[in-house]
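Step one of this worksheet: look at the structure below.
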Amino acid sequence: MRRRTFLAAGASSLPLLLAPSVASATNQGTTSPWPVRQLRGLWITTVRNTDWPKPAGRSVDEQKKQYIGLLDAAQRNGINAVFVHIRPQADSFYPGAPEPWSKWLTGIPGKDPGYDALGFCLAEAQRRNLEFHAWFNPYRMGEYADPSQLPAGHPVRDHPDWSIAFDKQLYYNPGIPEARRFVINAIMDAVHKYDVDGVHFDDYFYPYPVKDQPFPDQDTFARYGGGYSNLGDWRRSNINRFVREVSERVADTKPWVRFGISPFGIWRNSATDPVGSDTNGLQSYDEIYADTRLWVKKGWLDYIAPQLYWKLDDAKAAYSRLLPWWAKTVAGTDTALYIGQAAYRLDLAAADPVWRDPTELVSHLDYNRSYHRVAGDIWFDTTHFLASSPNLSGALAANAYRHPALIPVSNRIHGSPPPPPSGLHANASAATVALSWNRTVDKSTRYYAIYRFDAASPDRSSALGDGGSLLGTVRRNEQPPEYVDTTVDAGITYTYAVTALDRSHRQSRPGPSISVTAR
């Protein structure tokens with residue numbers, strides 16, 4: 001499948017003056033200690049009030065304060081993208097959705113929380129220039145025995161045949177075409193109404209297996225499985241069709257919105273399939289009917305973020321064996337590779353002492369640097385990332401995330417960068433340098449990146465390609481843009497440059513630079 005091309009109006013035709021690692025559209029991975037482009041994401045989980053809101057039923061003001069606190073902490077610790085759970089169980093975080101309000105907001109399924117939670121979450125992320133991915137669980141409905149227990153107004157109350165019960169939970173039945181169409185329409189309703197940057201799924205497709213409890217869809221297979229000789233192939237075809245149709249709908253509706261999935265980290269073991277990984281664990285292809293490798297090869301995803309929640313040297317599924325397998329899988333495709341990292345394992349109660357400090361996970365990022373196709377990481381969950389003991393976020397902020405990073409550019413979304421900013425002005429005062437510049441007229445500009453480098457540097461373009469020179473980003477809004485550098489030393493002369501970036505993170509050449517001596 002091909003993404004539509006969309007061009008930035010008024011884009012500059014002047015040659016780029018940036019180093020290749022900044023200007024390149026691929027820009028996936030780097031050997032630099034501080035890459036200028038790297039996705040650094042957090043999963044903000046709402047189901048069971050894991051990350052937010054805590055607990056359900058807090059006042060609107062308290063919920064907003066909690067969320068703002070999470071984003072501020074995330075930004076302080078180098079995060080540039082959030083993946084927010086806005087449809088965890090066939091429910092809604094915004095008014096007028098096809099499904100009832102989520103109980104994780106109020107504690108009561110279907111109860112109006114009194115505000116547009118998705119709209120608020122999105123606006124606060126945009127205010128901080130954090131990329132916002134709307135995270136959906138396609139099929140889960142929650143801990144209900146039968147459809148009659150769903151809240152009033154739930155579509156499955158009128159269409160109980162769309163549901164299927166398994167292990168004390170209800171699901172949309174993936175094998176029923178009408179149910180699939182409804183779920184896709186429910187997802188697209190949010191895409192139509194909100195200015196999200198991404199549509200995101202995790203690893204919930206067919207449910208994970210439960211011993212001695214077969215998934216009860218034999219009657220559905222008998223009705224809809226014509227042309228398939230076995231249940232497994234038919235189930236995979238249902239998930240494949242769903243993934244492909246979501247990809248096509250998102251691309252046709254808003255081609256700049258990225259579609260990505262974070263699957264279970266093992267596709268198949270090499271003992272089962274010679275193309276599989278050197279592992280010995282649950283196989284998503286066979287157990288939850290998710291043919292993740294096919295989705296990459298078919299070009300249905302903008303990115304894939306496998307959950308590699310194992311130790312570097314794990315006996316059954318070593319991180320050091322899975323990462324190369326995924327890097328090889330995305331090779332030759334336009335699908336970006338991010339890695340799902342297990343911050344939740346950092347718990348002093350962990351049975352394995354390896355997981356009781358952040359050293360193991362920091363080593364994962366060090367290992368990633370050997371594979372240029374790794375374009376970043378997403379951390380699960382936010383609570384453990386920010387509050388783990390010892391603190392993971394602190395260790396990263398002091399090292400790997402010491403400097404900010406821009407989101408990688410997608411190979412699948414084409415266009416031209418916006419024109420450069422102009423009118424850069426600097427004002428030095430006690431221990432700060434205040435920068436301001438002209439707000440770009442070109443509406444393709446989404447935000448600005450501010451760089452600082454040694455005024456005596458003979459190769460400033462190379463400095464722009466090093467994340468160590470990136471100070472931060474500023475969202476384009478109605479006010480004149482400005483940035484205050486508080487990390488200067490008196491008597492030192494610094495040179496600053498500003499670039500403009502569009503919503504797909506294509507970057508302009510820098511506008512005219514300016515040098516100033518700090519006081």
Side-chain angles (χ1 to χ4, degrees), residues 47 85-93 96-103 109-110 134-192 199-210 213-228 231-250 252-253 259 261 263 284 287-291 295 300:
V47 68
H85 220 181
I86 57 96
R87 185 182 174 272
Q89 289 183 319
D91 48 9
S92 172
F93 272 58
E99 293 159 313
W101 283 104
S102 175
K103 72 175 181 179
W135 172 14
F136 303 83
N137 283 125
Y139 300 112
R140 285 192 320 201
M141 289 185 205
E143 297 80 5
Y144 299 100
D146 62 68
S148 66
Q149 294 180 302
L150 291 166
H154 198 290
V156 174
R157 293 283 294 269
D158 294 329
H159 301 279
D161 55 305
W162 290 357
S163 68
I164 189 166
F166 176 72
D167 192 33
K168 302 178 182 178
Q169 294 196 60
L170 277 181
Y171 298 84
Y172 282 104
N173 189 336
I176 295 180
E178 293 83 3
R180 181 181 72 248
R181 284 193 290 270
F182 175 83
V183 171
I184 294 174
N185 287 337
I187 292 166
M188 292 307 302
D189 186 72
V191 175
H192 279 287
V199 168
H200 181 78
F201 301 156
D202 55 13
D203 56 325
Y204 286 96
F205 297 100
Y206 276 87
Y208 279 86
V210 176
Q213 292 188 43
F215 189 70
D217 63 347
Q218 289 76 18
D219 289 345
T220 313
F221 177 54
R223 182 177 180 184
Y224 295 104
Y228 291 92
L231 196 61
D233 286 346
W234 172 72
R235 287 174 176 169
R236 275 183 293 275
S237 75
N238 293 329
I239 304 301
N240 291 341
R241 186 179 296 112
F242 175 77
V243 170
R244 187 190 72 239
E245 290 179 4
V246 171
S247 177
E248 291 171 348
R249 289 280 299 275
V250 171
D252 288 346
T253 303
F259 174 47
I261 294 177
S284 61
E287 303 292 351
I288 57 175
Y289 307 96
D291 193 352
W295 306 341
W300 296 340

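Considering every non-hydrogen atom in both Pro155 and Pro98, the closest pair reads CD-O, 3.7 Å. Nearest heavy-atom pair across Gly175 and Pro177 is O-CD, 3.4 Å. Pairing each heavy atom of Val156 with each of Met141, the nearest pair is CG2-CE, 3.5 Å.
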Which side-chain N or O atoms in residues 158-172 pair as donor and acceptor under 3.5 Å with protein atoms at least two apart or in another chain?
from   : atom 1 : to     : atom 2 : distance (Å)
Ser163 : OG     : Pro160 : O      : 2.8
Tyr172 : OH     : Glu99  : OE2    : 2.8

Side-chain polar contacts of residues 142-151 - donor-acceptor pairs under 3.5 angstrom, sequence neighbours left out - could you list them?
from   : atom 1 : to     : atom 2 : distance (Å)
Glu143 : OE2    : Arg48  : NH2    : 2.7
Asp146 : OD1    : Ser148 : N      : 2.9
Asp146 : OD1    : Ser148 : OG     : 2.2
Gln149 : OE1    : Ala145 : N      : 2.7
Gln149 : OE1    : Asp146 : N      : 3.4

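Side-chain contact check for Tyr206 and Asn238: at least one donor-acceptor pair (N or O, by modelled atom type) lies under 3.5 Å. A donor-acceptor contact closer than 3.5 angstrom is absent between the side chains of His154 and Asp91.
Applying the salt bridge (Lys or Arg N to Asp or Glu O under 4.0 Å) rule to Arg180 yields the partners Glu245; only residues at least two apart in sequence or on another chain are considered. Every residue meeting the ring-ring contact (aromatic ring centres under 6.0 Å, His included) condition with Phe205, not counting sequence neighbours, appears here in chain and number order: Trp295. Residues meeting the side chain to side chain donor-acceptor pair (under 3.5 Å) test with His200, sequence neighbours left out: Trp43, Tyr303. For Asp189, the salt bridge (Lys or Arg N to Asp or Glu O under 4.0 Å) partners at least two apart in sequence or on another chain are Lys193. Applying the salt bridge (Lys or Arg N to Asp or Glu O under 4.0 Å) test to Arg140 and every residue at least two apart in sequence or in another chain returns nothing. Checked against ring-ring contact (aromatic ring centres under 6.0 Å, His included), Tyr208 has no partners two or more places apart in sequence or in another chain. Checked against ring-ring contact (aromatic ring centres under 6.0 Å, His included), Tyr204 has no partners two or more places apart in sequence or in another chain. For Glu287, there are no salt bridge (Lys or Arg N to Asp or Glu O under 4.0 Å) partners at least two apart in sequence or on another chain. Every residue two or more places apart in sequence or in another chain that forms a ring-ring contact (aromatic ring centres under 6.0 Å, His included) with Phe201 is listed here: Phe242, Phe259.
Looking only at side-chain heavy atoms (C-beta outward), Pro88 and Ser102 come within less than 4.5 Å of each other. Here the side chains of Ile86 and Phe136 are in contact, with some heavy-atom distance below 4.5 Å. Contact annotation: the side chain of Tyr139 approaches that of Ile239 to within less than 4.5 Å [non-hydrogen atoms, C-beta and beyond].
For the atom pair NE2 (His85) and CH2 (Trp135), the distance works out to 4.0 Å, reported to the nearest 0.5 Å.
In this structure, Arg87 contributes its side chain and Asn137 its backbone to a donor-acceptor pair below 3.5 Å.
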- Message: I'd like to know whether Arg249 forms a side chain to side chain contact (heavy atoms under 4.5 Å, CB included) with Asn185, so could you lay out the CA-CA distance, the side-chain angles of the two residues, the decisive distance to 0.1 Å, and finally the verdict.
- Response: CA-CA 9 Å; Arg249 289 280 299 275; Asn185 287 337; 3.2 Å; yes
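Within the structure, side-chain hydrogen bond (donor to acceptor under 3.5 Å, both in side chains) contacts touching residues 214-228 (residues at least two apart or in different chains) are Asn173-Thr220, Asp217-Arg235, Tyr228-Ser237.
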